[in-house]
Amino acid sequence: MAAVSSVFRPGLFKGRVAIVTGGGTGIGQAIALELLHLGCAVVIASRKLERLQEAAKDMRTRIISSSHSGAAEPILNVMKCNIREEKEVQQMFASTLQQFGQLDFLVNNAGGQFLSNAENISHKGWSAVIDSNLTGTFLCCREAYNQRMKEHGGAIVNIIADMYKGFPLMSHTGAARAGVDNLTKSLSIEWADSGVRVNAVAPGSSIYSDTAAANYGSLKIFDIVRSRVPTKRLGRVEEVSAAVCFLLSPAAAFISGETLYVDGGGKLYQTMMEVPDHNKSKAYTWEEDGADSDPPPQPPHDTKSKL
């Protein structure tokens, strides 16, 4: 079991308090670990309390074994909370404030999705993903602001996804995360006069974690993903947590309303899904029978650009 390390100086977040939703697995756990390592008191929250408790035990062991930890004993609490439920979200923030008397950071990482063609997504499945990824994020942001940050300022980071070229086979979460991206921009303006910064981090599909592998249902998809990023490798959850910690840090004091991509340049390269050859696209023409006319000749297919 590796000890925790960080590119940031030890004790950077000493005296700070953070809530990390979905902090028991994958990217969320990496974020919570690095915050703890940097001296922050952290509350991790999700629907499954037993999984949270197991994760917390593991994290405490790893922090204590770290010789460069900013805190001798990590301050880590777990809290059961379904972010789809408004009352549970309100109670999570109230309990955190009652215990610590402050809240400096919120990382909205909790969410969920599943692979499916859009035509096969049920109304129930669609609503569950939208409620978790979009509505749940909004509720957490609102409560963080109303219960603490309106009067005391703070920093919020929303974890979204690389949905900027569409998100085939995950249209539900693509729609939700696009909503969170816009919400991030809107809140950064509305809450600026309260000293609240709101940013987002968009991990690429190339970030490997056991949680992501479970969502995809197969490890084979990562072989496809690897070929579609310029770095030609998979990313690590620690590379996402480092980006989050930067946006929470004083170094990002003049950054708000932005989305930081952690995707190996994938958003500039290829998509996850290839469209097969077909003859369903009819060319437009002024001729009356244009709908049935042949399309104009196409240049030979060549994947390499030529000067």
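Nearest heavy atom pair, residue A32 against residue G23, reads CB-O, 4.2 Å. Nearest heavy atom pair, residue Q53 against residue V78, reads CG-CG2, 4.1 Å. Residues W191 and C141 share a closest heavy-atom pair of CH2-O, 3.3 Å. Minimum heavy-atom separation, A144 to L106: CB-CD2, 3.8 Å. For C245 against E34, the heavy-atom pair with the smallest separation is SG-CG, 3.7 Å. Taking every heavy atom of both residues into account, G111 and S132 meet most closely at CA-CB, 4.3 Å.
In the displayed structure, K232 atom NZ is contacted under 6.0 Å by more than 12 heavy atoms of other residues, nucleotides or ligands. The number of heavy-atom neighbours closer than 6.0 Å to CZ of R142, taken from other residues, nucleotides and ligands shown, is above 12.
V201 and V229 sit in two unconnected hydrophobic clusters of ILVMFWY residues. Membership requires side-chain heavy atoms under 4.5 Å apart, directly or through other members. Hydrophobic clustering, with ILVMFWY side chains joined whenever heavy atoms are under 4.5 angstrom apart, groups L97 together with V17. Note on F138: it does not cluster hydrophobically with I189, by side-chain heavy-atom contacts below 4.5 Å among ILVMFWY residues. Placement of L234 and Y269 in two distinct hydrophobic clusters is found when ILVMFWY residues are connected by side-chain heavy-atom separations under 4.5 Å, directly or transitively.
Side-chain N or O atoms of N120 include none that pairs as donor or acceptor with a backbone N or O of S116 at under 3.5 Å. Not a single donor-acceptor pair under 3.5 Å links the side chain of S171 to the backbone N or O of F167. In this structure, R16 contributes its side chain and L103 its backbone to no donor-acceptor pair below 3.5 Å. A donor-acceptor pair under 3.5 Å is absent between the side-chain atoms of R47 and the main chain of G22, judged by distance alone. Under the 3.5 Å distance criterion, the side-chain polar atoms of R197 are matched with a main-chain donor or acceptor of I255. The closest donor-acceptor contact from the side chain of T184 to the backbone of A200 lies at 3.5 Å or more, if one exists at all. The backbone N or O of G257 lies less than 3.5 Å from a partner atom in the side chain of N199, making a donor-acceptor pair. Judged purely by atom type and a 3.5 angstrom limit, N117 has no side-chain atom pairing as donor or acceptor with the backbone of E119. A distance-only check finds a donor-acceptor pair linking the side chain of Q147 to the backbone of A94 [under 3.5 Å]. Using modelled atom types, no side-chain atom of N77 and backbone atom of I44 make a donor-acceptor pair closer than 3.5 Å.
Using modelled atom types and a 3.5 Å distance limit, the side chains of D162 and S205 yield a donor-acceptor pair. When only modelled atom types and interatomic distance are considered, S95 and Q91 share a side-chain donor-acceptor pair under 3.5 Å.
Residues R177 and Q113 have side chains in contact (heavy-atom distance under 4.5 Å, counting atoms from C-beta outward). Residues M59 and Q29 have side chains in contact (heavy-atom distance under 4.5 Å, counting atoms from C-beta outward). You'll find the side chain of P250 reaches within 4.5 Å of the side chain of L12, heavy atoms only. Within the 4.5 Å cutoff, no side-chain heavy atoms of R236 are placed close to those of I207. Looking at heavy atoms from C-beta onward, N109 lies out of side-chain contact with V244 at the 4.5 angstrom threshold. The shortest distance between side-chain heavy atoms of E88 and I83 does not fall below 4.5 Å. You'll find the side chain of I156 reaches within 4.5 Å of the side chain of M149, heavy atoms only. At least one side-chain heavy atom of C140 sits less than 4.5 Å from a side-chain heavy atom of T21.
Cation-pi geometry between K267 and Y164 is not met: the NZ or CZ atom fails to fall both under 6.0 Å from the ring centre and inside 45° of the normal.
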Show your working on side-chain contact (heavy atoms from CB on, under 4.5 Å) between Y145 and V196 and close with a plain yes or no.
CA-CA 8 Å; Y145 182 75; V196 179; 4.1 Å; yes
Could you walk me through whether D58 and R62 satisfy the side-chain contact (heavy atoms from CB on, under 4.5 Å) test, starting with their C-alpha distance in whole Å, then the side-chain angles of each, then the deciding distance to 0.1 Å, before giving a yes or no?
CA-CA 6 Å; D58 173 69; R62 293 182 64 182; 3.7 Å; yes
Does the pair I63 and H37 meet the rule for a side-chain contact (heavy atoms from CB on, under 4.5 Å), with working shown?
CA-CA 6 Å; I63 292 297; H37 173 78; 4.0 Å; yes
The test is salt bridge (charged side-chain N to carboxylate O under 4.0 Å, His left out); show your working for D181 and K185 and say whether it passes.
CA-CA 7 Å; D181 185 59; K185 293 174 172 59; 3.1 Å; yes
Worked verdict on I160 versus M163 for side-chain contact (heavy atoms from CB on, under 4.5 Å)
CA-CA 8 Å; I160 54 174; M163 72 293 171; 4.3 Å; yes
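Between F114 and H172, the ring center distance clears the sub-6.0 Å criterion. Here the two rings, on F13 and F8, have centers that are 6.0 Å apart or farther.
Screening Q98, E143, R148 for a side-chain contact (heavy atoms from CB on, under 4.5 Å) involving F93 leaves a single residue, E143.
Between the CZ atom of R233 and the OH atom of Y208 there is a distance of 15.5 Å, given to the nearest 0.5 Å. If you take CZ on R60 and CG on L76, they are separated by 4.5 Å, rounding to the nearest 0.5 Å. Atoms CD and CD1, from Q99 and I75 in turn, are 9.0 Å apart once rounded to the nearest 0.5 Å. Between the OG atom of S206 and the CD atom of E239 there is a distance of 9.0 Å, given to the nearest 0.5 Å. Going from atom CG of N108 over to atom CG of N158 covers 4.5 Å, rounded to the nearest 0.5 Å. Going from atom CG of L139 over to atom NZ of K87 covers 13.5 Å, rounded to the nearest 0.5 Å.
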